[in-house]
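Following: one structure in structure tokens, then a few remarks.
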Amino acid sequence: MNDIAIVGGGAGGLILASKLAKEMGDELRNGRISITIFDGSQNHEFQPGYLGVAFRGSRPSRMQRSLTQLIYPGVKLVHENCSVIDIENRYVITEKSVNRYNFDTIVVATGCLTDPGQIPGLSEANHDFHTNASKSAELYERMSRVKSGKIVVGIAGLPYKCPPSPNEGAFMADEFFAKRKMREKVEITFVTPYLRAYPAEPISEVITPMYEDRNIDIVTGFNLDYVDPQKKEILSLEGDSLEYDELILVPPHRTVDVVKKSDFVDKYGWVITDKRDMHIKDYDYAFSIGDNTNIPISKAGVEAHLQAITVASNIIEDYKGGTDKYLFTGRMQCSMETGYHQATFVVGTYERPVEKKFPSTINYVEKKFMERIYWSSLKGGYEWLFRMHFGDDYIQKISQIKPPRQISRPETQK
Ligand SMILES: Cc1cc2nc3c(=O)[nH]c(=O)nc-3n(C[C@H](O)[C@H](O)[C@H](O)COP(=O)(O)OP(=O)(O)OC[C@H]3O[C@@H](n4cnc5c(N)ncnc54)[C@H](O)[C@@H]3O)c2cc1C
């Protein structure tokens, strides 16, 4: 019996469970393996859709599906969050239970959360489009009431998920006010701790002229120290300040409590993960995927997806006694919507630096298509398309040579 526990039924956890269940259907039916997802949330949310909710008034319910609907047949759901993950002794405990759930293999996929409390004044003053769909809808309500003034959009602190999203926020705010024919009544400023508009230079070179064309100011090297909600001012560690009427910053993110307090994280609370096969340091039966890892690449759904496929492939291979090994290539592909039906993609791998890609309508259509197939992809749908799209970057397969069989000679031949 091989009990596989997946803590977190978000983008990564669901895709992983679906692939395992699809490819190990016989073993599941015969009870030789079990796959259990632990997750207390009622709904899974399509997080890239928060931008549409915040800046275009999309309904939050369009970005949500009940978690139970997304579970692949044969996969068990324990509809509770874990309060203890003990990898060493191979069990988890859920919040409402005193029982231990034992496992043979575990995958930690709990994502990450906005943590505005890290910066004084931020929770009080800020409205973001990263926390959830309903908070994004509140931002839309506020945006709709603006008549004029200073809008400050950007990054409050690192790390955060989906690196292009603050830039998307600035471009979509521009589009929002332009469509309402009141663009000249608002000043939009994009503020970032980085020294250019986007951390990867090729993309920065593409978007910096767009900020100029759209009359959006960029303030770089601004490491937010605190917010003064009374004076409506943000102040940086460097001693600079900026006034605002509406503050729309992406807060710094952190891991969830059960992970943060565990002994398999680095000093910042991120799971110490091998960047190629995704195992958790010191354990060959424990893995971490998605936003909770400490891998030094962007935290995004595409990465969670490809890491899930990597880990599932290795679990299947191991179980079936194969010798191939699958590795994550570091492939990232974050879309950056630049407004007016245009988008670009931030694409690269561990080996290949980010490419210079200009916004186009085709990219925008691709992004919209990905949104359409998102729910199905969580159940393993369209995997053939992802494999084709990512090509050699999908996952790397290393065929290992089987160790030579030990043939013992009969006594007489000695
Ligand atoms: C505004 C915005 C735009 C984005 N745009 C893009 C984009 O264009 N492209 C892209 O690739 N990515 C994008 N992303 C990022 C993407 O949505 C995430 O990176 C992705 O969802 C990460 O998957 P995950 O499985 O690691 O975490 P999640 O999908 O967040 O899932 C984590 C799960 O863990 C569960 N959980 C939490 N605590 C516990 C616990 N104690 N026990 C059990 N379960 C627990 C949660 O309930 C949740 O279901 C965007 C994100 C935002 C906010």
Side-chain angles (χ1 to χ4, degrees), residues 5-17 36-55 63-65 67 70 77-85 92-96 101 106-114 128-133 135-136 139 159-169 172 248 250-251 253-262 270-271 273 278 288-293 295 297-308 331-337 343-347 363 366-368 370-371 374 377-378:
I6 302 170
V7 186
L14 286 169
I15 290 170
L16 177 103
T36 308
I37 292 181
F38 296 84
D39 195 319
S41 55
Q42 287 309 308
N43 291 318
H44 174 71
E45 293 199 338
F46 174 62
Q47 298 171 26
Y50 296 170
L51 280 150
V53 174
F55 295 102
M63 310 307 158
Q64 297 163 337
R65 292 277 191 284
L67 182 59
L70 300 171
L77 172 65
V78 173
H79 219 158
E80 284 180 58
N81 279 341
C82 290
S83 51
V84 174
I85 303 173
V92 298
I93 299 179
T94 57
E95 280 169 353
K96 292 184 203 144
Y101 293 86
I106 187 168
V107 184
V108 181
T110 48
C112 63
L113 305 171
T114 53
D128 75 79
F129 51 90
H130 266 64
T131 302
N132 54 42
K135 282 228 170 270
S136 306
L139 174 56
Y160 63 89
K161 59 184 131 187
C162 189
S165 54
N167 300 87
E168 292 183 285
M172 288 171 81
I248 310 174
V250 174
H253 285 50
R254 67 164 173 89
T255 47
V256 299
D257 291 341
V258 67
V259 167
K260 212 168 172 217
K261 71 176 185 191
S262 71
W270 303 92
V271 182
T273 311
M278 314 306 300
S288 146
I289 58 171
D291 291 349
N292 57 199
T293 74
I295 295 182
I297 54 164
S298 49
K299 298 188 183 298
V302 168
E303 283 83 325
H305 183 143
L306 296 177
Q307 291 165 6
R331 171 66 188 235
M332 55 182 140
Q333 175 158 329
C334 291
S335 60
M336 186 194 287
E337 201 166 329
T344 179
F345 283 102
V346 181
V347 174
N363 289 337
E366 186 180 327
K367 178 181 157 85
K368 291 289 149 195
M370 290 296 177
E371 288 178 17
Y374 179 73
S377 76
L378 297 174

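Whatever order the structure lists ligands and atoms in, that order sets their numbers, starting from 1.
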Quick note on ligand 1: atoms under 4.0 Å from a heavy atom of Val258 include exactly 41 (N)
Met370 and Val302, any side-chain heavy atoms less than 4.5 Å apart:
no
Hits for salt bridge (Lys or Arg N to Asp or Glu O under 4.0 Å) against Lys260, two or more places apart or cross-chain, chain-then-number order -> none
Short version for Cys162: what comes under 4.0 Å of ligand 1, heavy atoms counted, is side chain
If we number the atoms of ligand 1 from 1 as shown, the ones under 4.0 Å from a heavy atom of Phe38 are 43 (C), 44 (N)
Contact region, Val256 to ligand 1, non-hydrogen atoms below 4.0 Å, reads side chain
Atom 1 (C) of ligand 1 sits nearest the protein heavy atom Phe129 O, 3.4 Å
Ligand 1 to Val7, heavy atom cutoff 4.0 Å, flagged ligand atoms 42 (N), 43 (C)
With heavy atoms and a 4.0 Å threshold, my read on which part of Val302 contacts ligand 1 is both
In this structure, does ligand 1 have an atom that sits under 4.0 Å from one of the heavy atoms of Cys334? no
Closest to atom 42 (N) of ligand 1 among protein heavy atoms sits Cys82 N, 2.9 Å
With heavy atoms and a 4.0 Å threshold, my read on which part of Ala304 contacts ligand 1 is side chain
Numbered in order shown, the ligand 1 atoms found under 4.0 Å of a heavy atom of Gly8 are 34 (O), 35 (C), 43 (C), 44 (N)
Closest to atom 45 (C) of ligand 1 among protein heavy atoms sits Asn81 OD1, 3.4 Å
For Gly290, the ligand 1 atoms with a heavy-atom partner under 4.0 Å come out as 26 (O)
When distances are taken from atom 21 (O) of ligand 1, the protein heavy atom at minimum range is Gln47 NE2, 3.6 Å
min-distance protein heavy atom vs atom 46 (C) of ligand 1 -> Asp39 OD2, 3.5 Å
What one should report as the nearest heavy-atom pair of Asp39 and Gly9 is OD2-N, 2.7 Å
Heavy-atom closest pair (Gln64 atom, Ala133 atom, distance to 0.1 Å) is NE2-CB, 4.2 Å
Aromatic ring pairing His253/His130, orientation class (parallel under 30°, perpendicular over 60°, tilted between):
perpendicular
Ranking Thr110, Leu51, Val259 by closest non-hydrogen atom to atom 37 (C) of ligand 1, top hit is Thr110
Applying salt bridge (Lys or Arg N to Asp or Glu O under 4.0 Å) to Glu303 and not counting sequence neighbours gives none
Looking only at protein heavy atoms, what sits closest to atom 8 (O) of ligand 1 is Ser335 OG, 3.2 Å
Q.
Side chains of Thr273 and Ser288: any donor to acceptor distance under 3.5 Å?
A. yes
Taking only non-hydrogen atoms of Gly9 and a 4.0 Å limit, the atoms of ligand 1 in range are 49 (O)
Scanning both residues in full, the closest heavy-atom pair of Gly12 with Ala308 reads O-CB, 3.5 Å
Out of Gly40, Pro48, Gly111, Pro164, the nearest non-hydrogen contact to atom 3 (C) of ligand 1 is supplied by Pro48
_Closer than 3.5 angstrom, by distance alone: can the side chain of His79 be matched with the main-chain N or O of Ser41 as a donor-acceptor pair?_
yes
From the list Tyr160, Tyr50, Phe55, ring pair (Phe, Tyr, Trp, His ring centres under 6.0 Å) with Phe129 holds only for Phe55
Looking at Asn292 and Thr255, would you say the former's side chain and the latter's main chain have a donor-acceptor pair under 3.5 Å? no
Quick note on ligand 1: atoms under 4.0 Å from a heavy atom of Ala109 include exactly 32 (C), 33 (C), 34 (O)
The atoms of ligand 1 lying under 4.0 Å from a heavy atom of Ala11, numbered in the order shown, are 21 (O), 23 (O), 25 (O), 29 (O)
Between Asp291 and Trp270, the two heavy atoms sitting closest are O-CZ3, 3.1 Å
Ranked by distance from atom 22 (C) of ligand 1, the top protein heavy atom is Asp291 OD2, 3.2 Å
